[in-house]
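Contents: one structure, followed by commentary.
None of the values given here were measured: they were computed from a predicted structure.
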Amino acid sequence: MDIRIGVTQSVKELELELDDTARAQVQADIAAALAAEAGMLWLTDKKGRTVGIPAAKIGYIEIGGPTEERKVGFAR
């Protein structure tokens with residue numbers, strides 16, 4: 001699944017590709033981090049990279065489905 005996180009006072013978004021089987025756990029981790037005033041949201045992507053975001057700086061979180069092939073050109 002793809003996750004896009006908007007960070008306040010930043011024009012760039014964080015985009016991560018996570019394991020599809022962990023959707024419920026990721027949503028629980030996000031909710032717990034946002035509930036804690038000084039919490040950090042830690043996510044590990046498919047490549048093993050770990051990213052930490054201060055919960056107070058999170059503007060929005062968009063959770064998408066599994067990535068599908070992107071079509072290029074005019075083919076159908």
Side-chain angles (χ1 to χ4, degrees):
M1 90 182 108
D2 291 329
I3 292 187
R4 184 175 298 153
I5 301 172
V7 181
T8 58
Q9 299 179 348
S10 175
V11 295
K12 279 187 98 174
E13 299 172 328
L14 297 174
E15 293 187 32
L16 299 167
E17 185 177 350
L18 304 178
D19 187 18
D20 292 330
T21 60
R23 181 181 286 265
Q25 181 61 44
V26 168
Q27 289 176 335
D29 291 346
I30 291 169
L34 293 175
E37 292 190 24
M40 289 282 291
L41 174 60
W42 291 98
L43 298 171
T44 303
D45 69 1
K46 282 187 171 182
K47 295 180 182 179
R49 296 178 291 193
T50 301
V51 177
I53 306 115
K57 297 292 182 182
I58 295 175
Y60 65 90
I61 298 175
E62 178 182 311
I63 300 176
T67 55
E68 56 185 48
E69 287 187 41
R70 295 183 185 196
K71 296 180 182 176
V72 178
F74 297 100
R76 290 186 181 198

### Message
Between Thr44 and Leu16, does the side chain to side chain contact (heavy atoms under 4.5 Å, CB included) criterion hold? Intermediate values first, please.
### Response
CA-CA 8 Å; Thr44 303; Leu16 299 167; over 6 Å; no

## Note on the structure
Residues at least two apart in sequence or cross-chain that pass side-chain contact (heavy atoms from CB on, under 4.5 Å) with Ala56, listed by chain then number, are none

#### Entry: Gap separating the CG atom of Asp2 from the CD1 atom of Ile63, nearest 0.5 angstrom
11.0 Å

### Task
Apply salt bridge (Lys or Arg N to Asp or Glu O under 4.0 Å) to Asp45 and list each qualifying residue two or more places apart in sequence or on a separate chain.
Arg49

### Task
Share the residues that join Met40 in a hydrophobic cluster, the rule being Ile, Leu, Val, Met, Phe, Trp or Tyr side chains under 4.5 Å apart at the heavy-atom level.
Trp42

Please list, one pair per line, the donor and acceptor atoms closer than 3.5 Å that link side chains of residues 6-14 to other protein atoms, with sequence neighbours excluded.
residue	atom	partner	partner atom	Å
Thr8	OG1	Lys57	O	3.2
Ser10	OG	Lys12	N	3.4
Glu13	OE1	Arg4	NE	3.3
Glu13	OE2	Tyr60	OH	2.1

### Query
Got a second to check how far Glu17's CD is from Lys46's NZ, nearest 0.5 Å?
4.5 Å

### Task
Might you work through the side chain to side chain contact (heavy atoms under 4.5 Å, CB included) test for Thr50 and Leu43, ending with a clear yes or no?
CA-CA 6 Å; Thr50 301; Leu43 298 171; over 6 Å; no

#### Entry: Heavy-atom side-chain proximity of Leu41 to Ile5 below 4.5 angstrom
yes

### Task
Taking the side chain as every heavy atom from C-beta outward, state whether Leu18 and Arg23 have any atom pair closer than 4.5 Å.
no

### Message
Quick test of your reading: applying salt bridge (Lys or Arg N to Asp or Glu O under 4.0 Å), list the pairs with at least one residue in residues 24-36, sequence neighbours left out, ordered by first then second residue.
### Response
none

### Task
Measure the CD-CG distance between Gln25 and Asp19 for me, rounded to the nearest 0.5 Å.
12.0 Å

### Task
Indicate the atoms forming the closest heavy-atom contact of Ala36 with Ala55, along with that distance.
O-CB, 4.3 Å

